[in-house]
Peer 1: 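Here you go, one structure.
Numbering of ligands and ligand atoms starts at 1, following listing order.
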Amino acid sequence: MIGVLVSGEGSNLQALLDAGLPVAAVASNRAGVRALERAEKAGVPAAAFLLDEFADRAQRDATMANWLQEQGVRLVVCAGYLHLLTSAFLDRFPERIVNVHPSLLPEFPGVRAIDEALEAGVETTGVTVHLVDEGLDTGTVIRQEPVPVEPAETLVERIHAVEHRLLPEVVRELCVR
Ligand code: GRF
């Protein structure tokens with residue numbers, strides 16, 4: 001069973017749902033986001049774990065991990081989740097947390113990956129699915145796919161299209177392990 005961490009739009013969550021993958025729970029660090037609506041519409045238990053409602057990040061992460069495990073989650077997918085995870089969360093799902101990132105890591109980590117690729121003038125960027133550790137987009141790469149930068153006007157949508165295909169593919173493979 002899969003738990004998905006989200007922060008915003010949730011188009012990658014939608015791709016996992018549309019692929020028929022066993023999404024058991026969706027957790028967000030923000031309330032009222034579109035990703036939570038998508039979960040509710042799909043009948044998947046969804047909850048927001050807001051940092052300011054906890055003493056610190058570790059307590060929030062431990063509570064979120066407890067809730068996911070109560071829903072039967074064994075594989076966690078960060079799909080547009082914009083907070084770093086602490087060891088209070090990471091240690092609960094060893095080697096079982098993945099993230100999708102819109103660049104060919106280790107190039108362009110962080111939240112401005114697509115803009116930074118454009119600013120750097122590279123010919124090729126891409127999509128990475130990787131294991132999550134305590135760093136910013138630093139975990140072991142599982143799968144990468146290059147995307148040509150030109151035509152730049154459509155780069156964002158072409159990257160998202162690759163994400164929406166690649167992430168469910170990799171997650172499906174991890175589910176059977
Ligand atoms: C995606 O580009 C993902 O790679 C990045 O944040 C974006 C999230 O989009 N980490 P969504 O919330 O899945 O629509």
Peer 1: Is it the case that ligand 1 has an N or O less than 3.5 angstrom from some N or O of V100?
Peer 2: yes

Peer 1: Would you indicate which of G80, S103, G10 comes nearest to atom 8 (C) of ligand 1 when only heavy atoms are counted?
Peer 2: G80

Peer 1: Does R92 offer a backbone N or O that forms a donor-acceptor pair with the side chain of Q69 under 3.5 Å?
Peer 2: yes

Peer 1: Give the atom numbers and elements of ligand 1 that come within less than 4.0 Å of a heavy atom of E163.
Peer 2: 1 (C), 2 (O), 3 (C), 4 (O)

Peer 1: With a 3.5 Å cut-off and no angle check, do the side chains of H83 and S7 form a donor-acceptor pair?
Peer 2: no

Peer 1: Taking S11 as the fixed residue, which of H160, E163, H164 is the one that meets the side-chain hydrogen bond (donor to acceptor under 3.5 Å, both in side chains) rule?
Peer 2: H164

Peer 1: Please state which protein non-hydrogen atom is closest to atom 14 (O) of ligand 1 and give its distance, to 0.1 Å?
Peer 2: S11 OG, 2.5 Å

Peer 1: Any donor and acceptor pair, going by atom type alone, linking the side chain of R143 with main-chain N or O of V127 inside 3.5 Å?
Peer 2: no

Peer 1: Can you pull the side-chain hydrogen bond (donor to acceptor under 3.5 Å, both in side chains) pairs that have at least one residue in residues 104-115, sequence neighbours excluded?
Peer 2: R112-E119

Peer 1: Looking at H160, which atoms of ligand 1 are within less than 4.0 Å of one of its heavy atoms?
Peer 2: 2 (O)

Peer 1: Mind checking whether P102 has a heavy atom under 4.0 Å from ligand 1?
Peer 2: yes

Peer 1: Would Q14 count as a contact residue for ligand 1, given that I'm defining contact as a non-hydrogen atom of the residue lying under 4.0 Å from a ligand atom?
Peer 2: no

Peer 1: For N12 and ligand 1, does the shortest N/O to N/O distance drop below 3.5 Å?
Peer 2: yes

Peer 1: Using side-chain heavy atoms (C-beta onward) and a distance below 4.5 Å, is V171 in contact with I2?
Peer 2: yes

